[in-house]
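Letters A, B, ... are given to chains in the order of the sequence lines, protein chains preceding strands, and every chain is numbered from 1.
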There are 2 protein chains.
Amino acid sequence: MPQPQLSRETLLPRLAAHVLEHGLGGASLRPLARAAGTSDRMLIYHFGNKETLITELLGYIAGLYAGALDAALGSDRPATRQDCLARILAEGSKPAMQAFLVLWWDIVAGAARGVPGYREAAQEMMTRQLAWLEGQMPADDPDPAGGARYLMTLIEGALMLGAVGHDDTAQQGLLASGLASP
Amino acid sequence: MPQPQLSRETLLPRLAAHVLEHGLGGASLRPLARAAGTSDRMLIYHFGNKETLITELLGYIAGLYAGALDAALGSDRPATRQDCLARILAEGSKPAMQAFLVLWWDIVAGAARGVPGYREAAQEMMTRQLAWLEGQMPADDPDPAGGARYLMTLIEGALMLGAVGHDDTAQQGLLASGLASP
DNA sequence: AGGGCTATGTAGCGAACGCTACAAGAGGAA
DNA sequence: TTCCTCTTGTAGCGTTCGCTACATAGCCCT
């Protein structure tokens with residue numbers, strides 16, 4: 001009997017790719033297994049049950065997200081908060097980030113409803129993004145910590161408005177904040 | 001045979017109450033029917049299929065939300081943007097709004113993924129909230145339209161951060177924006 | 001060599017899913 | 001009265017769900 005030596009570590013990347021494409025809502029064992037080249041039977045064997053599978057998967061995806069942020073970290077800092085915001089919005093509109101974004105709202109919904117594992121993953125991703133953002137603040141910023149949290153709040157609001165088709169509202173809001181130019 | 005004369009109109013309020021409590025993710029016909037005092041058979045009879053049921057339900061909930069906003073409309077306008085923001089955040093933290101908020105992230109997730117009906121409902125709710133917010137802007141505000149969109153972006157960002165356990169981040173962000181006081 | 005232990009395949013369980021076929025009661029129309 | 005339409009109940013279809021029972025092939029240890 002062949003032993004492709006499947007483990008959680010080798011499984012998680014392919015599972016992550018599947019949920020990034022198809023979302024968490026319809027993530028049931030058999031499609032997940034097919035995407036990972038194994039069977040539902042083996043997913044249960046390796047993870048115990050579906051809930052821990054999802055929890056570990058969310059943790060893994062949070063790690064992926066952290067890696068993507070690190071990769072996006074430029075060596076030169078922006079000169080102003082305006083530049084900073086512009087860079088981040090450019091980063092978030094990259095196609096590679098779109099799949100993350102769509103999945104992100106699944107995670108937020110789960111976190112808001114209290115589904116086990118979701119809040120932890122969401123919190124970790126936001127904490128990581130906040131740290132990244134603080135590192136991206138202008139060197140001469142009078143209040144990098146507060147400024148990063150301010151930008152963060154604006155960015156997340158803009159992303160949400162964009163997700164529901166209110167991109168224009170967000171754009172005009174950022175304009176009125178004085179942190180974006182037309 | 002008794003005819004309790006059930007129609008879409010009499011059904012929708014009870015269906016809405018159910019999804020406000022249990023969310024849209026697990027909203028399947030039989031539990032929905034039980035909550036509405038009927039059977040899955042009759043839900044299909046009245047709505048045709050589940051997709052149109054959900055679509056109509058989302059529209060109805062958008063109407064509920066609009067009504068809640070109207071009810072929250074005070075006759076006196078706030079004097080400053082700061083007051084305005086404070087009032088809105090107070091409004092959003094009312095217990096009656098919590099169920100809406102949890103459901104809201106379900107809707108956002110569906111809208112982001114392109115599930116039929118979700119984007120329309122989300123857009124309608126945001127449009128309505130934006131109009132309400134514009135009406136709440138200070139009478140002497142130099143740019144009510146832009147200011148409302150700016151506040152909107154901040155508020156939605158703060159709500160999202162709150163949903164994932166980053167309330168403190170949002171609070172410090174609002175503080176750094178100069179629109180909130182400690 | 002033999003006995004565990006780990007990893008896997010096959011088959012299937014009971015439940016829930018969206019939806020449908022069929023019959024039947026109630027009320028109006030002819 | 002007789003028929004026809006609207007509304008409802010009962011039963012069940014085929015599918016998918018998470019999960020399990022059981023068998024078995026390879027590996028390591030003694």
Side-chain angles (χ1 to χ4, degrees), chain A residues 1-16 18-19 21-61 103 106-107 109-110 113-118 121, chain B residues 1-16 18-19 21-60 106-107 109-110 113-118 121:
Chain A
M1 208 175 256
Q3 267 166 268
Q5 203 62 17
L6 289 177
S7 65
R8 304 187 183 205
E9 287 66 35
T10 58
L11 251 14
L12 282 174
R14 311 199 223 182
L15 297 176
H18 184 262
V19 302
E21 187 174 359
H22 298 97
L24 281 163
S28 43
L29 289 181
R30 270 165 264 240
L32 278 172
R34 222 175 299 124
T38 178
S39 65
D40 58 332
R41 166 70 182 77
M42 290 316 294
L43 290 185
I44 296 294
Y45 174 74
H46 283 296
F47 293 95
N49 54 49
K50 190 188 174 184
E51 182 178 317
T52 52
L53 186 158
I54 295 293
T55 302
E56 296 207 17
L57 185 50
L58 287 178
Y60 177 78
I61 289 173
L103 183 62
D106 272 345
I107 298 176
R113 176 145 288 117
V115 186
Y118 281 63
Chain B
M1 210 171 250
Q3 268 167 266
Q5 205 59 18
L6 288 177
S7 65
R8 304 187 183 204
E9 286 66 35
T10 58
L11 251 14
L12 282 174
R14 312 199 223 181
L15 297 176
H18 183 263
V19 303
E21 186 175 359
H22 298 98
L24 282 163
S28 43
L29 288 182
R30 270 166 264 241
L32 278 173
R34 223 175 298 123
T38 179
S39 65
D40 57 333
R41 165 70 182 77
M42 291 313 295
L43 290 185
I44 295 294
Y45 174 73
H46 283 297
F47 293 95
N49 54 50
K50 191 189 175 184
E51 183 178 317
T52 52
L53 186 157
I54 295 293
T55 302
E56 296 207 18
L57 184 51
L58 288 179
Y60 177 78
D106 272 346
I107 299 176
R113 177 145 288 118
V115 186
Y118 281 62

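Spacing between atom CZ of F47(A) and atom C1' of dA7(C) amounts to 15 Å, rounded to whole angstrom units. For the pair L53(A) CG and dC17(D) C1', the computed distance is 15 Å after rounding to whole Å. For M42(A) and dC22(D), the CE to P distance is 18 Å, given to the nearest whole Å. Distance, L29(A) CG to dG18(D) P: 4 Å, rounded to whole Å. Between the NZ atom of K50(A) and the P atom of dG18(D) there is a distance of 4 Å, rounded to whole Å. For the pair L43(B) CG and dT8(D) P, the interatomic distance rounds to 11 Å; values are reported in whole Å.
Within the structure, salt bridge (Lys or Arg N to Asp or Glu O under 4.0 Å) pairs that include any residue of residues 22-32 of chain A comprise R30(A)-D40(A) (at least two apart or interchain).
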| message | One pair to check against side chain to side chain contact (heavy atoms under 4.5 Å, CB included): D106(B) and V19(B). What are the steps and the verdict? | response | CA-CA 10 Å; D106(B) 272 346; V19(B) 303; over 6 Å; no

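For E21(B), there are no side-chain contact (heavy atoms from CB on, under 4.5 Å) partners at least two apart in sequence or on another chain. Scanning for side-chain contact (heavy atoms from CB on, under 4.5 Å) contacts around P13(A) gives Y60(A), with sequence neighbours left out. With sequence neighbours excluded, the residues forming a side-chain contact (heavy atoms from CB on, under 4.5 Å) with A35(A) are H18(A), listed by chain and number.
Listed candidates were dC19(C), dA7(C), dG12(C). Nearest to the side chain of R30(A) is dG12(C). Considering only side-chain atoms of R41(A), the nucleotide from dC19(D), dA21(D), dT7(D) that sits closest is dA21(D). The nucleotide whose nearest atom lies closest to any side-chain atom of S28(B) is, among dC17(C), dT7(D), dG9(C), dC17(C).
Sorted by residue number, the members of residues 31-40 of chain B with any non-hydrogen atom under 4.0 Å from DNA chain D read S39(B).
Counting all heavy atoms, side chain and backbone alike, S39(A) lies closest to A33(A) at C-CB, 3.3 Å.
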Show me, pair by pair, the donor-acceptor contacts under 3.5 angstrom made by side chains of residues 44-56 of chain A, not counting sequence neighbours?
{"from": "H46(A)", "atom 1": "NE2", "to": "L6(A)", "atom 2": "O", "distance (Å)": "3.0"}
{"from": "N49(A)", "atom 1": "OD1", "to": "E51(A)", "atom 2": "N", "distance (Å)": "3.2"}
{"from": "N49(A)", "atom 1": "OD1", "to": "T52(A)", "atom 2": "N", "distance (Å)": "3.0"}
{"from": "N49(A)", "atom 1": "OD1", "to": "T52(A)", "atom 2": "OG1", "distance (Å)": "3.1"}
{"from": "K50(A)", "atom 1": "NZ", "to": "A27(A)", "atom 2": "O", "distance (Å)": "2.9"}
{"from": "T52(A)", "atom 1": "OG1", "to": "F47(A)", "atom 2": "O", "distance (Å)": "2.5"}
{"from": "T52(A)", "atom 1": "OG1", "to": "N49(A)", "atom 2": "O", "distance (Å)": "3.1"}
{"from": "T55(A)", "atom 1": "OG1", "to": "E51(A)", "atom 2": "O", "distance (Å)": "2.9"}
{"from": "E56(A)", "atom 1": "OE1", "to": "R8(A)", "atom 2": "NH1", "distance (Å)": "3.2"}
{"from": "E56(A)", "atom 1": "OE2", "to": "R8(A)", "atom 2": "NH1", "distance (Å)": "2.1"}

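Residue H46(A) places at least one side-chain N or O closer than 4.0 Å to OP1 or OP2 of dT8(C).
For the pair N49(B) and Y45(A), nearest-nucleotide mapping onto DNA chain C gives the more 5' position to Y45(A).
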